[in-house]
Amino acid sequence: DAGITQSPRYKITETGRQVTLMCHQTWSHSYMFWYRQDLGHGLRLIYYSAAADITDKGEVPDGYVVSRSKTENFPLTLESATRSQTSVYFCASSVRNQPQHFGDGTRLSIL
Amino acid sequence: QQQVKQSPQSLIVQKGGISIINCAYENTAFDYFPWYQQFPGKGPALLIAIRPDVSEKKEGRFTISFNKSAKQFSLHIMDSQPGDSATYFCAASMTGKLIFGQGTTLQVKP
């Protein structure tokens with residue numbers, strides 16, 4: 001089925017490790033987004049991309065790196081994971097000025 | 001100025017009742033106000049949205065009321081059903097980026 005898929009769905013890692021969360025969409029949407037969801041904070045934008053090779057910071061970018069070499073993929077990397085990055089991460093995509101469609105999330109625990 | 005404040009944090013409603021969730025924003029440059037519904041283990045899904053040139057939008061049992069002068073908007077769920085039990089997020093958008101409220105957990109009792 002077409003849509004937006006995130007992998008892995010669950011991940012446990014240790015502080016200081018590098019971890020990459022994957023996001024793939026089959027709609028050819030130009031815009032892609034990464035959010036983190038924490039209790040009491042709703043969803044906060046980490047990074048977004050308006051097109052391949054174009055990325056920009058959101059509200060909480062520190063400690064994260066993104067890339068977008070292909071329109072359909074938008075990986076998020078934690079270069080040196082910290083406990084404060086334990087969260088549920090959501091990827092979304094959209095066409096310009098249209099609603100965002102979300103994946104089902106990656107639950108990341110950092111011990 | 002980028003904040004969106006949502007209340008209440010949680011809400012319990014009897015089946016058939018009206019659920020009301022409120023949001024307030026500060027930045028008058030926001031130009032799109034969606035509401036998202038999220039079930040456990042799933043991503044948020046767009047429920048209904050409004051632009052600031054309209055004071056109300058209705059889709060089935062869901063209505064957004066928008067007060068531009070007060071910088072407030074609310075979601076009304078009429079005839080609430082147990083299947084509506086979920087977390088609801090309001091959001092405000094400018095240049096395509098969404099700023100979310102903190103979320104409201106709705107429980108509809110049978």
Side-chain angles (χ1 to χ4, degrees), chain A residues 1 3-10 21-25 27 29-51 54-61 66 74 87-108, chain B residues 1-11 21-27 29-53 57 59 62 64 73 75 86-106:
Chain A
D1 284 336
I4 185 164
T5 55
Q6 294 184 235
S7 61
R9 289 297 313 276
Y10 303 91
L21 310 184
M22 304 301 293
C23 179
H24 176 79
Q25 53 107 354
W27 291 306
H29 286 168
S30 56
Y31 284 80
M32 295 188 76
F33 307 83
W34 274 107
Y35 295 87
R36 60 178 290 173
Q37 183 176 19
D38 304 288
L39 203 61
H41 290 279
L43 289 91
R44 291 180 290 175
L45 182 65
I46 304 170
Y47 269 96
Y48 68 102
S49 168
I54 300 174
T55 62
D56 206 349
K57 295 178 180 180
E59 184 183 355
V60 288
V66 294
F74 191 38
S87 186
V88 182
Y89 291 85
F90 287 98
C91 178
S93 71
S94 74
V95 176
R96 182 182 170 84
N97 293 331
Q98 293 298 312
Q100 294 181 22
H101 298 269
F102 285 78
D104 285 336
T106 294
R107 185 176 293 275
L108 177 64
Chain B
Q1 273 216 326
Q2 291 290 84
Q3 277 191 322
V4 176
K5 295 183 178 180
Q6 183 173 345
S7 63
Q9 188 174 352
S10 62
L11 183 61
I21 304 170
N22 301 299
C23 285
Y25 64 97
E26 297 176 359
N27 192 336
F30 289 134
D31 58 5
Y32 175 68
F33 300 87
W35 283 89
Y36 281 83
Q37 180 188 54
Q38 184 181 30
F39 293 105
K42 295 292 186 180
L46 179 69
L47 188 63
I48 187 173
I50 198 167
R51 296 202 181 268
D53 53 346
K57 182 173 182 180
E59 290 184 1
F62 301 92
I64 299 179
F73 59 110
L75 175 69
T87 300
Y88 293 81
F89 292 96
C90 64
S93 175
M94 180 173 55
T95 64
K97 293 185 290 183
L98 290 173
I99 306 296
F100 283 87
Q102 295 84 354
T104 297
T105 301
L106 170 65

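Throughout, protein chains are lettered first and strands after them, A, B, ... in sequence-line order, and every chain is numbered starting at 1.
Both the backbone and the side chain of B/Pro44 come within contact range of chain A, judged by heavy atoms closer than 4.5 Å. Residue A/Leu45 touches chain B through its side chain alone, counting heavy-atom pairs closer than 4.5 Å.
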Can you check whether chain A and chain B share any donor-acceptor pairs under 3.5 Å, and give the atom names and distances if they do?
residue, atom, partner, partner atom, Å
B/Tyr36, OH, A/Gln100, N, 3.4
B/Tyr36, OH, A/Gln100, O, 3.2
B/Gln38, OE1, A/Gln37, NE2, 2.9
B/Gln38, NE2, A/Gln37, OE1, 3.2
B/Gly41, O, A/Arg9, NH2, 3.2
B/Gly43, N, A/Asp104, OD1, 3.2
B/Gly96, O, A/Gln100, NE2, 3.1

